[in-house]
Amino acid sequence: MSKFTIAIHGGAGTISKKSMTPEKEAAYFKALNDALDAGYRILEKKGDALDAVKAAVIELENNILFNAGKGSVFTNTGTHEMDASIMDGKDLSAGSVAAVKNIRNPVELAYTVMKKSEHVFLIGNGAEEFAKQNGIAFEPDEYFYSEFRHKQLLKTKKSNEIALDHSVDPDDKKFGTVGAVACDVNGNLAAATSTGGMTNKQFGRVGDSSIIGAGTYANNKTCAISCTGHGEPFIKAVAAYDVSCLMEYKGFSLEKGMNKVVMKKLLKIDGEGGMIGVDAKGNAALVFNSKGMYRGFYSSDGKREVSIYK
Ligand code: ASP
């Protein structure tokens with residue numbers, strides 16, 4: 001039996017202690033701890049890494065604090081378009097969806113694409129039609145509406161910016177893309193990521209979160225990675241897969257590979273953000289070049305940590 005571990009993130013950005021109230025901070029800690037527990041409970045029962053990452057991400061998608069599922073940010077036309085992906089390191093099977101509307105749990109839909117379709121990646125109307133055929137839960141527009149998010153959009157529109165969720169206003173940063181990676185008791189790895197994208201993004205824009213290799217990657221031979229940050233540079237850097245390549249072809253450790261990608265390669269192309277990773281020995285790493293990243297991990301050796309700032 002090998003060490004099992006789950007790590008999660010709730011987004012990266014300009015998150016500072018001074019923009020927090022004790023109540024807000026407590027709500028974030030609770031949400032992150034609940035998601036860690038949801039995944040860990042599955043691993044503890046000798047469950048699959050794949051089921052653990054899905055459970056942790058669903059927990060975060062259902063929480064309005066994070067920019068995924070219920071808490072998804074607004075596009076420039078005032079809609080919510082969500083991206084998500086999931087990958088099983090055991091056999092490299094993967095499922096992704098992009099620009100989907102009204103889906104309660106986009107990660108569940110990505111999982112269903114992986115399990116029940118001939119394809120890896122479905123987008124927009126086609127993905128929604130597939131969701132209907134497979135009994136995936138939908139929610140009305142009101143479910144995704146929140147006043148503070150709408151304010152975020154109006155503010156971002158005024159300055160004509162496209163903003164990372166946590167970086168809309170230095171004094172008012174609330175949400176983030178979510179993700180989870182896990183190594184189960186059998187040394188299987190899995191990763192999942194889910195997001196509403198960036199505030200004021202052009203409708204139809206797809207970020208890194210749904211792109212296998214960019215925002216999400218898992219391979220039992222190397223690592224499982226889930227990213228968060230400014231999606232365009234993460235796509236250009238093929239960030240998640242690059243860590244796997246550095247491990248496979250150059251013999252890097254997980255942490256060394258993640259540091260190279262996040263602190264060197266991404267920074268060079270203005271790629272603000274971070275990533276979480278696990279390897280097949282159950283080691284976890286959480287690396288970011290932004291001011292903060294909502295994050296946590298929990299290992300069967302008793303190590304547990306949940307943090308927000310640097
Ligand atoms: N990476 C996401 C995107 O670009 C945003 C985020 O991580 O907050 O869509």
Side-chain angles (χ1 to χ4, degrees), residues 7-15 28 31-32 57 60-61 63-76 79-86 96-101 106-107 110 121 123-124 149 152-153 156 161-169 172-181 191-217 225-242 261-262 266 269-277 286-295 308:
I8 57 166
H9 70 73
T14 323
I15 309 158
Y28 276 113
L32 293 168
V57 168
L60 295 163
E61 282 179 341
N63 192 320
I64 190 115
L65 287 174
F66 301 99
N67 170 22
K70 185 169 175 57
S72 291
V73 297
F74 285 93
T75 66
N76 63 346
T79 57
H80 303 279
E81 293 186 358
M82 300 171 282
D83 304 338
S85 62
I86 189 162
S96 298
V97 293
V100 293
K101 294 198 194 95
V107 75
F121 202 169
I123 62 161
R149 280 253 181 259
Q152 252 183 350
L153 173 68
T156 320
E161 271 177 283
I162 297 164
L164 255 190
D165 186 37
H166 296 304
S167 307
V168 173
D169 174 345
D172 185 26
K173 297 166 200 103
K174 292 188 175 88
F175 320 105
T177 288
V178 307
V181 293
T193 311
S194 181
T195 190
M198 293 175 75
T199 297
N200 200 26
K201 68 181 180 182
Q202 176 167 338
F203 76 97
R205 176 261 190 189
V206 174
D208 61 314
S209 307
S210 61
I211 299 178
I212 296 299
T216 304
Y217 190 71
I225 301 284
S226 170
C227 301
T228 174
H230 192 167
E232 281 72 8
F234 279 72
I235 294 172
K236 293 185 220 166
V238 201
Y241 183 59
D242 199 20
V261 173
V262 176
L266 278 166
I269 53 171
D270 293 327
E272 182 191 3
M275 56 172 70
I276 53 171
L286 305 93
V287 178
F288 55 100
N289 61 34
S290 45
K291 258 197 168 168
M293 180 167 84
Y294 295 95
R295 63 197 187 277
I308 301 178

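Computed from a prediction, not measured in an experiment: that's the story for all the values here. The chain is numbered in sequence order, starting from 1. Numbering of ligands and ligand atoms starts at 1, following listing order.
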* Under 3.5 Å between some N or O of ligand 1 and some N or O of D208? ->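 Yes, since at least one N or O of D208 sits under 3.5 Å from an N or O of ligand 1.
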* With only distance considered, is M198 within less than 3.5 Å of ligand 1 through an N or O on each side? ->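 The answer is no, given that M198 and ligand 1 share no N or O pair closer than 3.5 Å.
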Distance filter under 4.0 Å to [X] heavy atoms, resulting ligand 1 atoms:
X	result
R205	3 (C), 4 (O), 9 (O)
T177	2 (C), 5 (C), 6 (C), 7 (O), 8 (O)
T228	6 (C), 7 (O), 8 (O)

* To do: From the options S209, S85, S72, P106, select the one residue that forms a side-chain contact (heavy atoms from CB on, under 4.5 Å) with T195.
  =>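 Single side-chain contact (heavy atoms from CB on, under 4.5 Å) partner of T195 among S209, S85, S72, P106: S209.
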* Asked: To which of G229, G197, G207 does the heavy atom nearest atom 2 (C) of ligand 1 belong?
  ->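 Among G229, G197, G207, the closest heavy atom to atom 2 (C) of ligand 1 belongs to G229.
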* To do: Under the side-chain contact (heavy atoms from CB on, under 4.5 Å) rule, collect the residues that match up with A191, sequence neighbours excluded.
  =>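 If we apply the side-chain contact (heavy atoms from CB on, under 4.5 Å) test to A191, skipping adjacent residues, the hits are V181, T216, A218, A224.
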* A98: side-chain contact (heavy atoms from CB on, under 4.5 Å) partners, not counting sequence neighbours ->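 Testing A98 for side-chain contact (heavy atoms from CB on, under 4.5 Å), a comparison that skips the adjacent residues, returns D83, F121, I123, V206, S210.
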* Asked: Is the F74 ring parallel, tilted or perpendicular to the H80 ring (thresholds 30°, 60°)?
  ->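 F74 vs H80 ring planes: tilted.
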* Select one of side chain, backbone, both or neither to describe which atoms of S209 lie under 4.0 Å from any atom of ligand 1, heavy atoms only. =>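 Just the side chain.
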* Of the backbone atoms (N, CA, C, O) and the side-chain heavy atoms from C-beta on, which set of M293 has a member under 4.0 Å from an atom of ligand 1: side chain, backbone, both, or neither? ->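 Answer for M293: neither.
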* Answer yes or no: is there a side-chain heavy-atom contact under 4.5 Å between E272 and N289? =>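 Yes, at least one pair of side-chain atoms sits under 4.5 Å.
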* Asked: Does a side chain donor of either S194 or E61 reach within less than 3.5 Å of an acceptor in the other side chain?
  ->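 The answer is yes; a qualifying pair exists.
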